[in-house]
Protein chains: 2
Amino acid sequence: MTITEVSRRYGLSADTLRYYERIGLLPPVPRTAGGIRDYDETSCQWIELMKCMRSAGVQIEALIEYVALFRQGDTTLGARKQLLIEQRSQLIARMAEMQASLERLDDKIQRYEQMIAEKEALPQG
Amino acid sequence: MTITEVSRRYGLSADTLRYYERIGLLPPVPRTAGGIRDYDETSCQWIELMKCMRSAGVQIEALIEYVALFRQGDTTLGARKQLLIEQRSQLIARMAEMQASLERLDDKIQRYEQMIAEKEALPQG
DNA sequence: ACTTGACTTGGAGTAGGGTCCAGGTGTTGA
DNA sequence: TCAACACCTGGACCCTACTCCAAGTCAAGT
């Protein structure tokens with residue numbers, strides 16, 4: 001698969017795909033003899049994973065480290081697990097903050113509804 | 001209250017508080033005769049609100065607009081409500097993405113646990 | 001063989017959201 | 001009244017995460 005095809009498939013720009021590979025957020029992608037990227041299923045799975053993690057706000061730093069550990073082989077299984085656990089807890093913390101904001105927004109929206117209803121019940125002027 | 005006190009109270013740097021006011025994310029804060037910020041309860045409530053919204057990832061743009069509408073008075077009640085509804089739905093969308101990532105992380109962590117357990121069950125070498 | 005269009009790299013530029021600093025003013029205690 | 005310190009403003013700088021560009025190469029059709 002060319003970069004353009006992968007770009008369409010995952011909704012990430014070709015620039016972003018190249019950028020991700022350059023910084024090590026994706027392992028090196030296979031190339032044709034001429035040096036052109038030729039994404040295989042494994043590459044696509046990495047892309048899908050990273051897209052998912054990034055869309056949830058997981059830091060690029062952490063993902064780069066995960067890829068680096070992965071590339072070092074089986075001796076890093078424990079470290080990778082720890083890294084994921086750490087990211088998981090950060091994710092949960094952020095979701096809790098968002099939940100608090102959501103409740104607050106709901107509350108405010110309700111109050112606005114009430115205020116608007118009250119205003120409309122009054123004679124104008 | 002001085003900016004330092006408010007900074008400590010909410011865990012936002014004095015620079016950030018000044019920045020927020022400058023860009024209109026906070027309404028103008030009362031000043032002493034000498035021009036020094038003297039935060040009152042209303043200011044603090046705004047700060048608390050903005051801290052909450054920002055920590056949930058609500059865009060500064062949207063919050064600035066909310067403050068601007070607020071300062072225009074009662075005629076903007078409807079617009080403010082709409083703005084909050086829009087932010088609420090964005091928040092929910094982001095939380096859904098995070099939930100998906102969380103499940104994926106949990107899954108991966110479990111697999112690592114299994115892989116590590118299997119490896120330890122083998123004789124080394 | 002040549003055009004056309006997608007692909008390559010390295011590096012510069014951008015947007016969002018702060019953070020830091022210099023040079024100056026206000027405030028307080030000795 | 002003066003030292004010491006907090007506060008002020010405007011503007012430069014920083015970080016993250018892309019995004020764009022120039023100059024060059026590869027590939028497919030004619």
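None of these values were measured; they are calculated from a predicted model. Residue numbering restarts at 1 for every chain, and letters A, B, ... go by the order of the sequence lines.
We find that CZ of Arg18(A) is positioned 12 Å from P of dG10(C), with the value rounded to whole Å. Protein atom CD of Glu21(B) is 11 Å distant from nucleotide atom P of dG10(D), rounded to whole Å. Here the C1' atom of nucleotide dA6(D) and the CE atom of Met1(B) are 16 Å apart, to the nearest Å. dT8(C) atom P lies 6 Å from atom CZ of Arg31(A), rounded to whole Å. The interatomic distance linking Ile23(B) (CD1) with dG17(C) (C1') rounds to 8 Å, in whole Å. As a whole-Å value, the separation of Leu17(A) CG from dT8(C) P is 10 Å.
In the model, Gln114(A) has no side-chain atom that pairs as donor or acceptor with a side-chain atom of Gln110(A) under 3.5 Å.
Here the straight-line distance linking atom CG of Leu12(A) with atom OH of Tyr20(A) works out to 6.0 Å at 0.5 Å rounding. Taking CZ from Arg104(A) and CG from Leu84(B), the interatomic distance works out to 11.5 Å, rounded to the nearest 0.5 Å. To the nearest 0.5 angstrom, Glu48(B) atom CD is 9.0 Å from Met53(B) atom CE. In this structure, CD1 in Ile47(B) is found 11.0 Å from OG1 in Thr16(B), a value given to the nearest 0.5 Å. In this structure, CG in Asp15(A) is found 8.5 Å from CZ in Arg22(A), a value given to the nearest 0.5 Å.
Dense packing is recorded around CD of Gln90(A), with more than 12 heavy atoms of other residues, nucleotides or ligands lying under 6.0 Å away.
Looking at residues 2-9 of chain B, you'll see Thr2(B), Ile3(B), Thr4(B) sit with a heavy atom under 4.0 Å from some atom of DNA chain D. Listed in residue order, the members of residues 32-51 of chain B having a heavy atom less than 4.0 Å from DNA chain D are Gly35(B), Ile36(B), Arg37(B).
Pairs of residues two or more places apart, or lying in two chains, that qualify as ring pair (Phe, Tyr, Trp, His ring centres under 6.0 Å) and include a residue from residues 48-70 of chain B are Trp46(B)-Phe70(B). Pairs passing the side chain to side chain donor-acceptor pair (under 3.5 Å) check and including a residue from residues 51-65 of chain B, sequence neighbours excluded, do not occur. Listed by first and then second residue, the salt bridge (Lys or Arg N to Asp or Glu O under 4.0 Å) pairs that reach into residues 73-87 of chain B are Glu113(A)-Lys81(B), sequence neighbours excluded.
One N or O on the side chain of Asp38(B) and one on the backbone of Met1(B) form a donor-acceptor pair closer than 3.5 Å.
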Check the interface with nucleotides 17-20 of chain D: list each N/O to N/O pair with the protein under 3.5 Å, or write none.
unit_1: dC18(D); atom_1: OP2; unit_2: Tyr20(A); atom_2: OH; d: 2.9
unit_1: dC18(D); atom_1: OP2; unit_2: Arg54(A); atom_2: NE; d: 2.9
unit_1: dC18(D); atom_1: OP2; unit_2: Arg54(A); atom_2: NH2; d: 3.1
unit_1: dT19(D); atom_1: OP2; unit_2: Thr16(A); atom_2: OG1; d: 3.3
unit_1: dC20(D); atom_1: N4; unit_2: Asp15(A); atom_2: OD1; d: 3.4

